[in-house]
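Just so it is clear, the values below take in all heavy atoms, side chains as well, and ignore hydrogens, waters and symmetry mates. Positions are given from 1, in the same order as the sequence printed here.
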Amino acid sequence: MKNKNIILKYISTIVFSLYSLILPANTNKIDNLTCEQLKNPLGIESEKPLLGWRFDTEGRDSPSAFQIIVSDNPEDIKNGKGNMWDSGKTISGETTQQKYNGERLKAQTRYFWRVRAYDSQGMVLAWSEPAFFEMGIIHPSNWMAQWIGDGERRPRNILDLYRNNAAPLLRKEWTIKKPIASARLYITAPVYYETYLNGQKVGDFVLTSGQASSPKTALYNTFDVTALLRPGKNCWGICLGHKTYETSFNELLHPFGGYQTGNRPSVYGQLIIRYTDGHLEYVLTDLTWKTIPGPIMQNSLYGGERYDARAEIPGWNEPGAILCGWRNVSFANSPIKILQPQMSPPLKEQKRIKPVGISRAPSGGFIVDMGQNITGIVQLKIQGKRGSSITLRYGEQTLPDGHVNASISGNTNLPTDTVQQEDFYILRGTGEEESWKPRFTLHKFRYVEITGIEGELPAENITGIVYSTD
């Protein structure tokens with residue numbers, strides 16, 4: 001009987017091995033590797049990050065064990081070695097959120113990892129494709145920048161936010177003299193911002209950065225900007241808007257209940273350049289920067305944006321710009337005490353839609369029907385006289401008189417000077433077609449009422465841009 005059992009065991013092993021060989025090549029695929037629930041994240045600060053993956057059984061049993069390897073050297077990972085951590089064969093069917101348990105992780109360092117599983121028969125399966133995660137600043141002592149702003153007074157009350165209150169532009173030039181190995185930009189602001197290197201917008205986020213749980217905490221973003229830098233003169237530019245806790249929805253609902261606000265828009269960031277010879281260079285936000293008011297005359301997250309194209313400064317975020325009217329920035333007394341990485345998925349443009357219909361408004365303007373309710377903005381192409389003003393009013397409904405109900409949440413009892421979903425665009429009027437979309441606001445709408453346009457409005461001249469988290 002004993003010999004019979006041994007023979008049966010050998011036969012079953014051989015049969016299972018042959019069965020494994022004839023399975024399709026993509027069987028038992030491990031994919032969707034995540035660190036802290038993000039794919040290949042930059043700037044994480046958890047010293048024991050959670051690693052997860054998806055195991056696609058395609059008809060087989062769930063895995064019985066796994067092995068994770070982590071290394072600071074990609075060649076190690078290719079060769080199945082982990083100099084930072086090798087979990088060894090770990091008996092578990094779980095494939096979600098395994099805590100890193102290796103050597104101490106270093107700030108601003110990239111680590112590579114992969115995982116493999118063991119099937120229900122104990123057979124080891126193929127390694128996943130490699131993934132990576134990159135540590136952020138981690139320690140407060142690694143931050144060396146200064147909070148800077150334009151030095152202007154903050155608005156005295158909430159109504160001033162709906163008068164001209166230009167978003168400042170900031171810039172700094174410096175020279176790169178050696179070959180670059182890599183470059184990372186770490187940046188935060190208690191307001192919405194856009195940042196540029198040599199005229200190119202950094203990242204594809206919108207309404208950067210995310211909202212922290214406390215007004216004394218800011219979430220910083222990390223960007224790989226290696227490809228945006230170049231030998232010789234370089235320029236780092238920043239445009240600052242306002243943010244939720246400066247123009248909060250509660251204040252709009254209760255405009256006489258007090259004006260809770262931070263100071264004027266400010267920013268804090270450092271660009272770390274690693275050269276091929278191993279040396280590091282730090283480009284910081286500090287008092288060597290210059291500033292000037294930009295063409296965004298006012299902005300509110302919910303209330304809209306006013307943009308004067310006549311005030312544009314061509315090339316302001318590129319090297320060699322003529323700095324007429326620019327002045328030194330000021331130190332900003334920011335309320336921020338804690339900096340944390342933004343770990344939630346960012347808000348991004350997800351798709352673009354075209355109108356399903358355009359009709360005449362009772363006032364002579366246009367009612368644009370996007371065909372569905374969306375959260376986002378509109379991009380408009382227009383041509384007209386210099387100084388002409390175009391108004392866009394957004395809403396999910398139309399009123400009985402045919403106009404768009406542009407009140408936030410559709411509440412028509414709120415003060416109309418603070419709660420309308422409106423954008424304003426003033427044409428530069430150079431004779432060429434102008435294309436514009438707001439940058440520091442978003443709207444909930446299906447309908448857009450557009451006034452101030454001379455002639456017709458072709459459907460191809462207006463595009464709805466849908467925002468959502470990634």
I need the [X] [atom1] to [Y] [atom2] distance, nearest 0.5 Å.
X: Ile187; Y: Thr208; atom1: CD1; atom2: OG1; answer: 9.0 Å
X: Leu33; Y: Glu129; atom1: CG; atom2: CD; answer: 9.5 Å
X: Tyr100; Y: Leu50; atom1: OH; atom2: CG; answer: 13.5 Å
X: Gln270; Y: Met144; atom1: CD; atom2: CE; answer: 5.0 Å
X: Gln421; Y: Leu442; atom1: CD; atom2: CG; answer: 8.5 Å
X: Ile377; Y: Ile465; atom1: CD1; atom2: CD1; answer: 4.5 Å

For [X] and [Y], indicate whether the former's side chain and the latter's backbone hold a donor-acceptor pair under 3.5 Å.
X: Asn165; Y: Gln298; value: no
X: Asn142; Y: Ile137; value: yes
X: Arg327; Y: Asp150; value: yes
X: Thr226; Y: Ala183; value: yes
X: Arg114; Y: Ser128; value: yes
X: Thr188; Y: Leu219; value: yes
X: Glu305; Y: Phe440; value: yes
X: Ser87; Y: Ile68; value: yes
X: Lys172; Y: Lys290; value: no
X: Thr90; Y: Gly88; value: yes

Salt bridge or not for [X] and [Y], using N-O below 4.0 Å?
X: Arg393; Y: Glu422; result: yes
X: Asp72; Y: Arg110; result: no
X: Lys354; Y: Glu460; result: no

(request) Could you please spell out the steps behind the side-chain contact (heavy atoms from CB on, under 4.5 Å) verdict for Val225 and Arg184? (result) CA-CA 6 Å; Val225 295; Arg184 298 292 182 271; 5.9 Å; no

Would you mind reporting whether [Y] and [X] have side-chain heavy atoms less than 4.5 Å apart?
X: Pro438; Y: Trp436; value: yes
X: Phe66; Y: Ile30; value: no
X: Asp423; Y: Leu380; value: no
X: Trp143; Y: Tyr268; value: yes
X: Lys381; Y: Gln379; value: no
X: Phe424; Y: Met297; value: no
X: Leu339; Y: Tyr186; value: no
X: Thr441; Y: Asn299; value: no

(request) Assess whether salt bridge (charged side-chain N to carboxylate O under 4.0 Å, His left out) is satisfied between Glu396 and Lys444, documenting all intermediate values. (result) CA-CA 7 Å; Glu396 296 178 322; Lys444 292 184 177 181; over 6 Å; no

Counting heavy atoms not belonging to [X], are there more than 12 under 6.0 Å from its [atom1]?
X: Gln372; atom1: CD; result: yes
X: Ile322; atom1: CD1; result: no
X: His139; atom1: NE2; result: yes
X: Lys48; atom1: NZ; result: yes

Test item: side-chain donor near acceptor, [X] and [Y], under 3.5 Å:
X: Asn83; Y: Ser71; value: yes
X: Glu45; Y: Tyr220; value: yes
X: Gln420; Y: Ser407; value: yes
X: Tyr193; Y: Asn221; value: yes
X: Glu434; Y: Tyr425; value: yes

Nearest heavy-atom pair of [X] and [Y]: which atoms, and what distance?
X: Glu432; Y: Gln383; result: O-CG, 3.9 Å
X: Thr291; Y: Pro168; result: OG1-CB, 3.9 Å
X: Val267; Y: Thr285; result: O-OG1, 4.1 Å
X: Ser468; Y: Gln350; result: OG-CG, 2.9 Å
X: Ile69; Y: Gly80; result: CD1-C, 3.5 Å
X: Cys35; Y: Pro49; result: SG-CB, 3.7 Å

Can you give the donor-acceptor pairs under 3.5 Å from side chains of residues 194-202 to other protein atoms, not counting sequence neighbours?
| from | atom 1 | to | atom 2 | distance (Å) |
| --- | --- | --- | --- | --- |
| Glu194 | OE1 | Tyr196 | OH | 2.5 |
| Glu194 | OE1 | Arg439 | NE | 3.1 |
| Glu194 | OE1 | Arg439 | NH2 | 3.4 |
| Thr195 | OG1 | Trp236 | NE1 | 2.8 |
| Thr195 | OG1 | Gly237 | O | 3.2 |
| Tyr196 | OH | Arg439 | NH2 | 3.4 |
| Asn198 | OD1 | Cys235 | N | 2.8 |
| Asn198 | ND2 | Leu228 | O | 2.9 |
| Asn198 | ND2 | Asn234 | OD1 | 2.8 |
| Lys201 | NZ | Gly203 | O | 3.3 |
| Lys201 | NZ | Phe205 | O | 2.9 |

(request) Please collect all side chain to side chain donor-acceptor pair (under 3.5 Å) contacts where either partner lies in residues 312-325, sequence neighbours excluded, each pair once. (result) Tyr307-Glu312, Glu312-Arg428

(message) Among Glu36, Met343, Lys99, which residue satisfies the side chain to side chain contact (heavy atoms under 4.5 Å, CB included) criterion with Ser46?
(response) Glu36

(request) Check the pair Lys178 / Glu281 against salt bridge (charged side-chain N to carboxylate O under 4.0 Å, His left out), numbers first and verdict last. (result) CA-CA 11 Å; Lys178 296 186 292 185; Glu281 180 179 6; over 6 Å; no

(message) Evaluate Met84 against Trp113 for side-chain contact (heavy atoms from CB on, under 4.5 Å), listing each step before the verdict.
(response) CA-CA 10 Å; Met84 295 298 295; Trp113 71 286; over 6 Å; no

(request) Output, in order, the C-alpha distance, side-chain angles, deciding distance and verdict of side-chain contact (heavy atoms from CB on, under 4.5 Å) for Ile336 and Trp147. (result) CA-CA 9 Å; Ile336 301 301; Trp147 286 98; 3.5 Å; yes

(message) Could you walk me through whether Val368 and Tyr394 satisfy the side-chain contact (heavy atoms from CB on, under 4.5 Å) test, starting with their C-alpha distance in whole Å, then the side-chain angles of each, then the deciding distance to 0.1 Å, before giving a yes or no?
(response) CA-CA 10 Å; Val368 179; Tyr394 303 79; over 6 Å; no

